[in-house]
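One structure is given below, encoded as structure tokens.
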Amino acid sequence: MDNHSYNFPSDCTPLTNCKSARKPAGSTVVNMGNTGKNAPRDYLVWSLCNTLYVNFCCLGFMALVYSIKARDQKTQGNLQLAQECSDKAKWYNILAAGWNLLIPLLAVVLLVLLLIHLGTSEGSFDFFGEDGFQNFMKLFSW
């Protein structure tokens, strides 16, 4: 059918409001999926921070991998696998954060203990000398 042979109803033309030709409005239903369950967390930001900082034994990288897997599975709608990957990412993040805090803390403690031991040692090797501790602290003052 071409445009020239089509006849519009008398009360409805293309550029005017045609109320009589409209169909009554229906309802639209949108299925939002399983709204009773909360989607699992993916811990992506935490994993990224653990990956960029220290990353001892690649624990932060493993957490990042499982975080991305959890996000992908959550997007695809597989909430059970997303929850499993989320749990793994969480535990890898806990381990990585523990190591990321423990290693620098141990390094500082060992440095302090070394300085205390060498500063109080008597005998052939006196690390600080007579005014050694003050000279040592001058290194860190501006």
Side-chain angles (χ1 to χ4, degrees), residues 1-6 8-9 11-142:
M1 174 185 322
D2 60 354
N3 289 337
H4 299 290
S5 64
Y6 183 75
F8 291 99
D11 63 339
C12 183
T13 60
L15 298 177
T16 62
N17 191 2
C18 179
K19 293 183 179 179
S20 64
R22 289 187 183 165
K23 294 181 181 177
S27 62
T28 303
V29 177
V30 177
N31 187 6
M32 297 301 288
N34 190 0
T35 58
K37 265 186 153 179
N38 291 337
R41 296 182 61 188
D42 55 14
Y43 304 105
L44 188 63
V45 174
W46 190 14
S47 300
L48 192 60
C49 290
N50 280 329
T51 301
L52 296 176
Y53 180 71
V54 182
N55 199 18
F56 182 74
C57 291
C58 294
L59 292 173
F61 180 71
M62 291 299 296
L64 183 64
V65 167
Y66 280 109
S67 293
I68 293 171
K69 279 186 177 183
R71 180 168 280 193
D72 289 345
Q73 294 302 321
K74 184 170 60 172
T75 304
Q76 291 176 357
N78 189 353
L79 295 182
Q80 182 180 0
L81 190 56
Q83 184 64 47
E84 291 175 14
C85 292
S86 174
D87 291 340
K88 287 182 182 181
K90 177 183 173 183
W91 283 107
Y92 277 120
N93 276 318
I94 290 171
L95 289 173
W99 278 111
N100 290 346
L101 293 174
L102 186 66
I103 290 175
L105 185 67
L106 283 175
V108 168
V109 167
L110 286 175
L111 180 66
V112 168
L113 288 175
L114 177 70
L115 291 175
I116 289 172
H117 174 71
L118 291 176
T120 59
S121 66
E122 300 287 333
S124 62
F125 183 73
D126 190 8
F127 182 73
F128 288 121
E130 290 182 17
D131 290 326
F133 185 72
Q134 284 79 19
N135 291 334
F136 178 74
M137 292 309 289
K138 287 180 187 175
L139 293 173
F140 299 107
S141 64
W142 297 97

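These figures come from a predicted structure and were not determined experimentally. Numbers here are sequence positions counted from 1.
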Could you pull out every donor-acceptor pair under 3.5 Å between side chains of residues 104-111 and any protein atom, sequence neighbours left out?
none

Self-check item: Interatomic distance, L64 atom CG to L44 atom CG [nearest 0.5 angstrom]
Solution: 6.0 Å
Quiz item: Name the one of Y92, W46, Y43 that satisfies side chain to side chain contact (heavy atoms under 4.5 Å, CB included) with S67?
Solution: Y43
Quiz item: When rounded to the nearest 0.5 angstrom, what is the spacing between CE in M62 and CG in L95?
Solution: 11.5 Å
Exercise. Please list all pairs passing the side chain to side chain donor-acceptor pair (under 3.5 Å) test where one or both residues lie in residues 100-114, with sequence neighbours left out.
Key: N50-N100
Quiz prompt | For A70 against S86, the heavy-atom pair lying closest together | solution = CB-N, 3.8 Å
Quiz item: So which pairs with a foot in residues 43-59 pass salt bridge (Lys or Arg N to Asp or Glu O under 4.0 Å), sequence neighbours left out?
Solution: none
Quiz item: What are the two closest heavy atoms between F61 and N55, and how far apart are they?
Solution: N-OD1, 3.3 Å
Quiz item: What salt bridge (Lys or Arg N to Asp or Glu O under 4.0 Å) pairs are there with at least one residue in residues 59-77, not counting sequence neighbours?
Solution: D42-R71
Quiz item: Who are the salt bridge (charged side-chain N to carboxylate O under 4.0 Å, His left out) partners of R41, not counting sequence neighbours?
Solution: none
Quiz item: What pairs of residues pass the salt bridge (Lys or Arg N to Asp or Glu O under 4.0 Å) test when at least one of them lies in residues 84-104, not counting sequence neighbours?
Solution: none
Practice problem: Would you give the length of the straight line joining atom OG of S47 to atom CG of L52, rounded to the nearest 0.5 angstrom? | Solution: 10.5 Å
